Amino acid sequence: MSIPKVMSDRFKVSKLLAGRLRERQISVAAVLRHAALPAHFLEQEKIYASTSELFALWKAIGEVSGDPAIGLKLGSEPRFERYDPSEIAAVCSRSYRDALERIALCKQLTCPEEIRVQRKGDETTVEFVFLQAEKSEPDVLVDVCLAWVLFIGRRGTDSRITPLRLELMRPQQHRELLENHFGCRVRFNAERNAIVLRSSDVNRRFVTYNEELLKILGAQLDSEIEARRAALNIEEQAKHTLKRSLAGRRPSLQDVAQQLHLSARTLQRRLTETRV
């Protein structure tokens, strides 16, 4: 059975974030107040945020810290024990490209975010897209994402991979800081937020490749993806099955039910239940 994209507006936030902020002398209480989030938000057993909450959280981190490099620092975490399973799986992948594709698939299936990896000749572009965003993502979150992508490649290949360029939608600011960190020119006022890498670098094998650990983590990630998929209500699944598989014609209830491996009667009953 194919697994539909998980489109509920929910991101998983690391439980280690509060501790990492405190290590850098950033007041967690001030960040949460600034983001208009509950005081206990980062103390929950499982922390989930909507797109707007995620953006507010990272915008607040940038503003409360007062450090223009905070996103670059948080996106370049050197301590392996702080990685979540998907990040560990990325580092254990066979190659940089394999790592990027693995991360992209995991994002696609677990949250309303896409990592678009596109190769065009000698260039491979990696772009983060927040599918349910109503506003532009905060600069600090862009910095975290792009710094993290580069750090994964550098760690996996055990070398200082240098991008071809960075493309940022923001107006020009902190050029020297960004160019020193990424080791390449930055193009401001661009149409997207993306890092452009040499395709030859993206094809490089990882010295950290670990097939046995990758299998263990893969099973764990598969379980998490299945749990997230099951948590979607049937109405969401039906909507996104329509968009994914039945575009261009008027589908019947039977068509949608078949895609979801349900009988038409069961689908109709469950759709009715979600509206009660």
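These numbers come from a predicted model, not from an experiment.
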ask   = Could you give all pairs that pass the salt bridge (Lys or Arg N to Asp or Glu O under 4.0 Å) test and reach residues 132-155, with sequence neighbours left out?
value = Asp139-Arg170, Asp143-Arg170
request  = Name all pairs fulfilling the salt bridge (Lys or Arg N to Asp or Glu O under 4.0 Å) condition that reach into residues 188-207, sequence neighbours left out, sorted by first residue then second.
outcome  = Glu167-Arg192, Asp201-Arg204
request  = Among residues two or more places apart or on two chains, list those pairs meeting side chain to side chain donor-acceptor pair (under 3.5 Å) that have a residue in residues 24-46.
outcome  = His34-Glu63
Find the distance between [atom1] ([X]) and [atom2] ([Y]) and round it off to the nearest 0.5 Å.
| X | Y | atom1 | atom2 | answer |
| --- | --- | --- | --- | --- |
| Thr51 | Arg10 | OG1 | CZ | 12.5 Å |
| Lys215 | Leu217 | NZ | CG | 13.0 Å |
| Glu87 | Ile103 | CD | CD1 | 8.0 Å |
| Ser136 | Leu141 | OG | CG | 11.5 Å |
| Glu101 | Leu105 | CD | CG | 9.5 Å |
| Leu166 | Phe182 | CG | CZ | 5.0 Å |

Set of residues satisfying side-chain contact (heavy atoms from CB on, under 4.5 Å) with respect to [X], sequence neighbours excluded:
| X | value |
| --- | --- |
| Glu77 | Arg20, Arg79, Arg82, Tyr83 |
| Val31 | Ile26, Leu57, Ala60, Ile61, Val64 |
| Ser76 | Ala147, Phe151, His181 |

Return the set of residues passing side chain to side chain donor-acceptor pair (under 3.5 Å) with [X] (not counting sequence neighbours), or none when no residue passes.
| X | answer |
| --- | --- |
| Thr157 | Ser159 |
| Asp84 | Ser86 |
| Thr208 | none |
| Lys73 | Asp67 |

Quick check: closest heavy atoms across [X] and [Y], and the distance to 0.1 Å?
| X | Y | value |
| --- | --- | --- |
| Asp98 | Ser93 | OD2-CB, 3.4 Å |
| Phe130 | Phe11 | CD2-CZ, 3.7 Å |
| Val202 | Tyr96 | O-CB, 3.2 Å |
| Leu32 | Ala39 | CD1-O, 3.4 Å |
| Pro171 | Asn189 | CA-OD1, 3.5 Å |

inquiry  = Quick one: does any side-chain atom of Asn193 pair with a main-chain N or O of Met169 as donor and acceptor, under 3.5 Å?
reply    = yes
query = Would a distance-only check, ignoring hydrogens and angles, find a side-chain to backbone donor-acceptor pair under 3.5 Å from Arg119 to Gly121?
reply = yes
Shared ILVMFWY cluster between [X] and [Y], side chains joined below 4.5 angstrom?
| X | Y | answer |
| --- | --- | --- |
| Trp58 | Leu37 | yes |
| Val142 | Val117 | yes |
| Ile161 | Tyr209 | no |
| Leu21 | Ile47 | yes |
| Leu74 | Leu16 | no |

query = How about Glu23: does its CD atom have over 12 heavy atoms from other parts shown lying under 6.0 Å from it?
reply = yes
Result block: side-chain N/O donor-acceptor pairs under 3.5 angstrom for residues 122-129, not counting sequence neighbours:
residue : atom : partner : partner atom : Å
Glu123  : OE1  : Arg165  : NH2          : 3.2
Glu123  : OE2  : Arg165  : NH1          : 3.1
Thr124  : OG1  : Arg97   : NH2          : 3.2
Thr124  : OG1  : Ser199  : OG           : 2.9

inquiry  = Using side-chain heavy atoms (C-beta onward) and a distance below 4.5 Å, is Val140 in contact with Ile70?
reply    = yes
Check: Ser52 and Phe55 side chains under 4.5 Å, non-hydrogen atoms = no
task = Report the C-alpha separation of Val28 and Phe41 in whole Å, then their side-chain angles, then the decisive distance to 0.1 Å, and conclude whether the side-chain contact (heavy atoms from CB on, under 4.5 Å) test is met.
result = CA-CA 10 Å; Val28 174; Phe41 184 77; over 6 Å; no
task = Give a yes or no on whether a salt bridge exists between Arg185 and Glu179, defined as a side-chain N under 4.0 angstrom from a carboxylate O.
result = yes
note = residues 97-118 vs ring pair (Phe, Tyr, Trp, His ring centres under 6.0 Å), sequence neighbours excluded, gives none
